[in-house]
Amino acid sequence: MFEIAPSILSADFTRLAEEIASVKKGGAKILHVDVMDGHFVPNITIGLPVVKSIRKSTDMTIDTHLMIDEPGRYAVEFVKAGADMVSVHVEADAHLQRTLTAVRDAGAKAGVAINPATPIETLTEALPYADFILLMSVNPGFGGQKFIPTMIDKLRRLKEMIVARGSSALIEIDGGVDADNVSEIAAAGANIAVAGSAVFSHDDPAAAVAGLLEKSSVWV
Ligand code: DX5
Ligand code: ZN
(Lines give C-alpha, C1' and ligand atoms only; values in the text may rest on other atoms or scores of the structure.)
(Ligands and ions follow the chains in the order given, each with its own letter.)
Protein backbone atom coordinates (compact mmCIF):
# COMPACT_ATOMS: atom_id res chain seq x y z
CA MET A 1 0.00 0.00 0.00
CA PHE A 2 1.27 3.47 -0.86
CA GLU A 3 -0.80 6.59 -0.38
CA ILE A 4 -0.31 10.29 -1.00
CA ALA A 5 -1.67 12.41 1.85
CA PRO A 6 -2.10 16.02 0.67
CA SER A 7 -1.31 18.57 3.39
CA ILE A 8 -3.86 21.36 3.50
CA LEU A 9 -1.18 23.70 4.90
CA SER A 10 -0.51 24.80 1.31
CA ALA A 11 -4.18 24.89 0.28
CA ASP A 12 -6.27 28.00 -0.33
CA PHE A 13 -8.21 28.18 2.95
CA THR A 14 -10.92 30.34 1.41
CA ARG A 15 -11.75 27.42 -0.89
CA LEU A 16 -10.93 24.54 1.42
CA ALA A 17 -13.88 22.30 0.53
CA GLU A 18 -13.09 22.60 -3.19
CA GLU A 19 -9.41 21.93 -2.59
CA ILE A 20 -10.28 18.80 -0.59
CA ALA A 21 -12.69 17.58 -3.27
CA SER A 22 -10.00 18.11 -5.87
CA VAL A 23 -7.33 15.98 -4.14
CA LYS A 24 -9.89 13.27 -3.51
CA LYS A 25 -10.67 13.26 -7.22
CA GLY A 26 -6.95 12.80 -7.91
CA GLY A 27 -6.93 9.59 -5.86
CA ALA A 28 -5.97 10.73 -2.35
CA LYS A 29 -7.65 8.90 0.51
CA ILE A 30 -5.87 10.61 3.40
CA LEU A 31 -5.94 14.32 4.20
CA HIS A 32 -3.02 15.62 6.27
CA VAL A 33 -3.80 18.44 8.69
CA ASP A 34 -0.86 20.29 10.28
CA VAL A 35 -1.58 21.65 13.74
CA MET A 36 1.08 24.09 15.03
CA ASP A 37 1.13 25.95 18.34
CA GLY A 38 3.87 28.56 17.95
CA HIS A 39 5.86 26.86 20.75
CA PHE A 40 6.95 23.43 19.52
CA VAL A 41 7.39 24.95 16.08
CA PRO A 42 7.77 28.62 15.09
CA ASN A 43 4.41 28.87 13.36
CA ILE A 44 0.71 28.83 14.24
CA THR A 45 -1.81 27.16 11.99
CA ILE A 46 -5.17 25.60 12.66
CA GLY A 47 -6.90 23.66 15.40
CA LEU A 48 -9.98 21.80 16.55
CA PRO A 49 -12.75 23.92 14.95
CA VAL A 50 -11.24 23.50 11.50
CA VAL A 51 -10.90 19.73 11.95
CA LYS A 52 -14.58 19.61 12.98
CA SER A 53 -15.60 21.51 9.84
CA ILE A 54 -13.48 19.32 7.57
CA ARG A 55 -15.04 16.23 9.16
CA LYS A 56 -18.47 17.44 8.09
CA SER A 57 -17.36 18.03 4.52
CA THR A 58 -15.42 14.88 3.61
CA ASP A 59 -15.30 11.14 4.16
CA MET A 60 -11.52 11.07 3.59
CA THR A 61 -9.27 9.78 6.37
CA ILE A 62 -8.29 12.81 8.44
CA ASP A 63 -4.68 12.66 9.60
CA THR A 64 -3.84 15.31 12.21
CA HIS A 65 -0.14 16.00 12.78
CA LEU A 66 0.19 17.71 16.15
CA MET A 67 3.27 19.92 16.22
CA ILE A 68 2.46 21.15 19.69
CA ASP A 69 4.00 20.96 23.15
CA GLU A 70 2.36 18.59 25.64
CA PRO A 71 0.25 16.92 22.94
CA GLY A 72 -1.28 14.59 25.53
CA ARG A 73 -3.50 17.48 26.60
CA TYR A 74 -5.19 17.64 23.20
CA ALA A 75 -4.72 14.37 21.33
CA VAL A 76 -8.07 12.83 22.28
CA GLU A 77 -9.84 16.14 21.56
CA PHE A 78 -8.69 15.81 17.95
CA VAL A 79 -10.18 12.31 17.77
CA LYS A 80 -13.45 13.69 19.12
CA ALA A 81 -13.29 16.45 16.50
CA GLY A 82 -13.17 13.79 13.79
CA ALA A 83 -9.54 12.81 13.25
CA ASP A 84 -8.92 9.21 12.19
CA MET A 85 -5.16 9.42 12.68
CA VAL A 86 -3.35 11.50 15.30
CA SER A 87 0.42 11.84 15.51
CA VAL A 88 2.36 13.42 18.36
CA HIS A 89 6.05 14.23 18.44
CA VAL A 90 8.41 12.03 20.41
CA GLU A 91 10.33 15.24 21.27
CA ALA A 92 7.22 16.89 22.77
CA ASP A 93 5.66 14.25 24.96
CA ALA A 94 7.07 13.01 28.27
CA HIS A 95 4.15 10.56 28.56
CA LEU A 96 4.10 9.17 25.06
CA GLN A 97 2.80 5.69 25.91
CA ARG A 98 -0.15 7.21 27.73
CA THR A 99 -1.00 9.54 24.84
CA LEU A 100 -0.78 6.80 22.20
CA THR A 101 -2.95 4.48 24.27
CA ALA A 102 -5.52 7.23 24.81
CA VAL A 103 -5.71 7.92 21.06
CA ARG A 104 -6.24 4.23 20.33
CA ASP A 105 -8.84 3.90 23.08
CA ALA A 106 -10.67 6.87 21.56
CA GLY A 107 -10.87 4.95 18.28
CA ALA A 108 -8.15 6.47 16.09
CA LYS A 109 -4.78 5.35 14.77
CA ALA A 110 -1.94 6.56 16.97
CA GLY A 111 1.27 7.86 15.44
CA VAL A 112 4.66 9.02 16.67
CA ALA A 113 6.25 11.87 14.73
CA ILE A 114 10.02 12.25 14.76
CA ASN A 115 12.18 15.20 13.71
CA PRO A 116 15.09 14.81 11.28
CA ALA A 117 17.85 14.93 13.93
CA THR A 118 16.11 12.71 16.48
CA PRO A 119 17.48 9.15 16.45
CA ILE A 120 15.07 6.35 15.52
CA GLU A 121 16.21 4.52 18.67
CA THR A 122 14.00 6.91 20.67
CA LEU A 123 11.01 5.09 19.15
CA THR A 124 11.75 1.56 20.31
CA GLU A 125 9.71 1.49 23.53
CA ALA A 126 6.77 3.32 21.96
CA LEU A 127 6.57 1.09 18.90
CA PRO A 128 4.11 -1.46 20.36
CA TYR A 129 1.67 1.41 21.01
CA ALA A 130 2.03 3.05 17.59
CA ASP A 131 0.04 2.36 14.44
CA PHE A 132 2.32 4.55 12.38
CA ILE A 133 5.54 6.55 12.53
CA LEU A 134 5.59 10.00 10.94
CA LEU A 135 9.14 10.54 9.77
CA MET A 136 9.86 14.22 9.22
CA SER A 137 12.02 14.86 6.18
CA VAL A 138 12.20 18.62 6.92
CA ASN A 139 12.28 20.43 10.24
CA PRO A 140 8.60 21.00 10.99
CA GLY A 141 7.01 24.41 10.91
CA PHE A 142 6.52 25.38 7.30
CA GLY A 143 5.45 23.97 3.96
CA GLY A 144 7.59 24.28 0.87
CA GLN A 145 10.93 23.28 2.40
CA LYS A 146 13.49 21.11 0.65
CA PHE A 147 13.62 17.35 1.37
CA ILE A 148 16.66 16.48 3.52
CA PRO A 149 18.42 13.79 1.43
CA THR A 150 19.83 11.83 4.39
CA MET A 151 16.25 11.03 5.40
CA ILE A 152 16.16 8.31 2.73
CA ASP A 153 18.72 6.32 4.69
CA LYS A 154 16.89 7.06 7.94
CA LEU A 155 13.70 5.79 6.31
CA ARG A 156 15.40 2.53 5.30
CA ARG A 157 16.77 2.05 8.83
CA LEU A 158 13.38 2.79 10.35
CA LYS A 159 11.77 0.21 8.07
CA GLU A 160 14.38 -2.36 9.11
CA MET A 161 13.79 -1.58 12.77
CA ILE A 162 10.02 -1.97 12.41
CA VAL A 163 10.39 -5.30 10.61
CA ALA A 164 13.03 -6.58 13.07
CA ARG A 165 10.75 -5.81 15.99
CA GLY A 166 7.76 -7.53 14.43
CA SER A 167 5.77 -4.30 14.40
CA SER A 168 3.07 -3.62 11.85
CA ALA A 169 3.43 0.16 12.17
CA LEU A 170 3.20 2.01 8.88
CA ILE A 171 5.67 4.71 7.88
CA GLU A 172 4.46 8.12 6.78
CA ILE A 173 7.05 10.58 5.50
CA ASP A 174 6.46 14.32 5.65
CA GLY A 175 8.27 17.28 4.10
CA GLY A 176 9.60 18.17 0.69
CA VAL A 177 8.00 15.25 -1.14
CA ASP A 178 7.65 15.93 -4.86
CA ALA A 179 7.53 14.26 -8.25
CA ASP A 180 11.33 13.96 -8.34
CA ASN A 181 11.77 12.04 -5.09
CA VAL A 182 8.49 10.16 -4.52
CA SER A 183 9.55 6.96 -6.28
CA GLU A 184 12.75 6.72 -4.23
CA ILE A 185 10.70 7.36 -1.08
CA ALA A 186 8.27 4.58 -1.95
CA ALA A 187 11.13 2.23 -2.78
CA ALA A 188 12.81 2.95 0.57
CA GLY A 189 9.78 1.69 2.46
CA ALA A 190 7.33 4.52 3.09
CA ASN A 191 3.64 3.61 3.09
CA ILE A 192 2.27 7.16 3.05
CA ALA A 193 3.89 10.33 1.72
CA VAL A 194 2.57 13.74 2.75
CA ALA A 195 2.70 16.34 -0.01
CA GLY A 196 1.75 19.96 0.55
CA SER A 197 3.24 22.39 -1.93
CA ALA A 198 3.76 19.68 -4.59
CA VAL A 199 -0.03 19.29 -4.64
CA PHE A 200 -1.59 22.63 -3.76
CA SER A 201 0.93 24.91 -5.47
CA HIS A 202 0.25 22.98 -8.67
CA ASP A 203 -2.30 24.44 -11.12
CA ASP A 204 -4.32 21.25 -10.90
CA PRO A 205 -4.13 19.55 -7.46
CA ALA A 206 -6.05 16.49 -8.72
CA ALA A 207 -3.53 15.94 -11.49
CA ALA A 208 -0.66 16.52 -9.05
CA VAL A 209 -1.93 13.76 -6.73
CA ALA A 210 -2.51 11.41 -9.65
CA GLY A 211 1.00 12.13 -10.95
CA LEU A 212 2.62 11.42 -7.57
CA LEU A 213 0.66 8.17 -7.21
CA GLU A 214 1.67 7.11 -10.69
CA LYS A 215 5.37 7.81 -10.07
CA SER A 216 5.31 5.80 -6.86
CA SER A 217 3.38 2.86 -8.30
CA VAL A 218 6.48 1.51 -10.04
CA TRP A 219 7.56 0.28 -6.63
CA VAL A 220 4.39 -1.25 -5.22
C1 DX5 B 1 5.77 20.76 7.87
C2 DX5 B 1 4.47 20.01 7.82
C3 DX5 B 1 4.22 19.35 6.51
C4 DX5 B 1 4.09 20.31 5.36
C5 DX5 B 1 4.56 19.61 4.14
O6 DX5 B 1 6.00 21.22 9.13
O7 DX5 B 1 4.43 19.00 8.82
O8 DX5 B 1 3.09 18.47 6.57
O9 DX5 B 1 2.78 20.77 5.14
O10 DX5 B 1 4.61 20.54 3.10
P11 DX5 B 1 5.57 20.32 1.85
O12 DX5 B 1 5.09 19.05 1.18
O13 DX5 B 1 5.37 21.55 1.06
O14 DX5 B 1 6.96 20.14 2.38
ZN1 ZN C 1 2.79 17.45 8.64
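Index from 1, following the sequence. Every number for a ligand or one of its atoms is a count from 1 in the order of the listing.
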Task: Residue and atom name of the nearest protein heavy atom (relative to atom 3 (C) of ligand 1), distance in Å to one decimal - done: Asp174 OD1, 2.9 Å
Task: Of the N, O or S atoms in His65, the one nearest the Zn ion (ligand 2) - done: ND1
Open item on the list: Can you confirm, on distance only, whether ligand 1 has an N/O atom lying under 3.5 Å from any N/O atom belonging to Ser7?
Closed with: yes
Open item on the list: Is it the case that the side chains of Asp69 and His39 hold a donor-acceptor pair, with the cut-off being a distance below 3.5 Å and no angle test?
Closed with: no
TODO: Look at atom 6 (O) of ligand 1 and say which protein heavy atom is nearest, naming residue and atom and giving the distance to 0.1 Å.
DONE: Gly141 N, 2.7 Å
TODO: Among all protein heavy atoms, pick out the one at the shortest distance from atom 14 (O) of ligand 1; state its residue, atom name and that distance to 0.1 Å.
DONE: Gly176 N, 2.8 Å
TODO: Please could you name the atoms of ligand 1 that Gly144 approaches to less than 4.0 Å, counting only its heavy atoms?
DONE: 11 (P), 13 (O), 14 (O)
- [ ] Would you mind checking which non-hydrogen protein atom is closest to atom 4 (C) of ligand 1, with the distance to 0.1 Å?
- [x] Asp34 OD2, 3.7 Å
Task: Atom name in His32, limited to N/O/S, at shortest distance from the Zn ion (ligand 2) - done: NE2
Open item on the list: Taking NZ in Lys154 as the centre, count heavy atoms belonging to other residues, nucleotides or ligands within less than 6.0 Å. Is the count above 12?
Closed with: yes
Open item on the list: If the cut-off is 4.0 Å to any non-hydrogen atom of His65, which atoms of ligand 1 fall inside it?
Closed with: 7 (O)
Open item on the list: Quick test: of every protein heavy atom, which one is nearest to atom 13 (O) of ligand 1, and how far off is it to 0.1 Å?
Closed with: Ser197 OG, 2.6 Å
- [ ] Report yes if some heavy atom in the side chain of Val138 is under 4.5 Å from a heavy atom in the side chain of Met151; otherwise report no.
- [x] no
- [ ] Give the numbers and elements of all ligand 1 atoms closer than 4.0 Å to a heavy atom of Gly175.
- [x] 14 (O)
TODO: Could you tell me which atoms of ligand 1, counted from 1 in the order shown, lie closer than 4.0 angstrom to a heavy atom of Met67?
DONE: 6 (O), 7 (O)
- [ ] In plain terms, say whether Arg55 and Asp84 are close enough for a salt bridge, that is, a side-chain N and a carboxylate O under 4.0 Å apart.
- [x] yes
Open item on the list: Using the rule side-chain contact (heavy atoms from CB on, under 4.5 Å), only one of Asn115, Ile148, Val194 pairs with Met136; which is it?
Closed with: Asn115
Open item on the list: For the 3.5 Å polar cut-off, considering only N or O atoms, please tell me whether Ser10 and ligand 1 meet it.
Closed with: no
Task: Closest contact, heavy atoms only, Ala83 versus Thr64 - done: CB-OG1, 3.6 Å
Open item on the list: Closer than 4.0 angstrom, basic N to acidic O: yes or no for Glu160 and Arg157?
Closed with: no
Task: salt_bridge(Asp59, Lys24) N-O dist < 4.0 Å - done: yes
Open item on the list: Check this for me, if you would: do Arg104 and Asp131 make a salt bridge, where the nitrogen-to-carboxylate-oxygen distance has to be below 4.0 angstrom?
Closed with: yes
Open item on the list: So, regarding Val138 and ligand 1 (criterion: nitrogen or oxygen to nitrogen or oxygen, under 3.5 Å), is there a contact or not?
Closed with: no
- [ ] Report yes if the side chains of Ser87 and Val112 come closer than 4.5 Å at any heavy-atom pair, otherwise no.
- [x] no
Open item on the list: If the cut-off is 4.0 Å to any non-hydrogen atom of Val194, which atoms of ligand 1 fall inside it?
Closed with: 8 (O)
Task: Atom indices of ligand 1, in the order listed, that fall short of 4.0 Å to a heavy atom of Ala195 - done: 12 (O)
Open item on the list: Within the 4.0 Å heavy-atom shell around Met136, which atoms of ligand 1 are there?
Closed with: 7 (O)
- [ ] For atom 10 (O) of ligand 1, grab the closest protein heavy atom and report residue, atom and distance to one decimal in Å.
- [x] Gly143 CA, 3.6 Å
Task: Enumerated ligand 1 atoms positioned under 4.0 Å from heavy atoms of Met36 - done: 6 (O)
TODO: Could you check whether the rings of His32 and His65 sit parallel, tilted or perpendicular, using 30° and 60° as the cut-offs?
DONE: tilted
Open item on the list: If you consider just the N/O/S atoms, which atom of Asp34 is the closest one to the Zn ion (ligand 2)?
Closed with: OD1
Open item on the list: Students should be able to answer this: which protein heavy-atom is nearest to atom 12 (O) of ligand 1, and at what distance?
Closed with: Gly196 N, 2.8 Å
Open item on the list: Suppose we measure from atom 1 (C) of ligand 1 to each protein heavy atom; which comes out shortest, and what is that distance?
Closed with: Phe142 O, 3.5 Å
Task: Taking every non-hydrogen atom, the tightest pair across Thr101 and Tyr129 - done: OG1-CD2, 3.9 Å
TODO: Answer whether the closest heavy-atom distance between the side chains of Val51 and Ile46 falls below 4.5 Å.
DONE: no
Open item on the list: To make sure I understand the geometry: which N, O or S atom in Asp174 is closest to the Zn ion (ligand 2)?
Closed with: OD2
Open item on the list: Tell me whether Ala198 reaches ligand 1 (any heavy atom closer than 4.0 angstrom to a ligand atom).
Closed with: no
Open item on the list: Rounded to the nearest 0.5 Å, what separates atom CE in Met85 from atom OG1 in Thr61?
Closed with: 7.5 Å
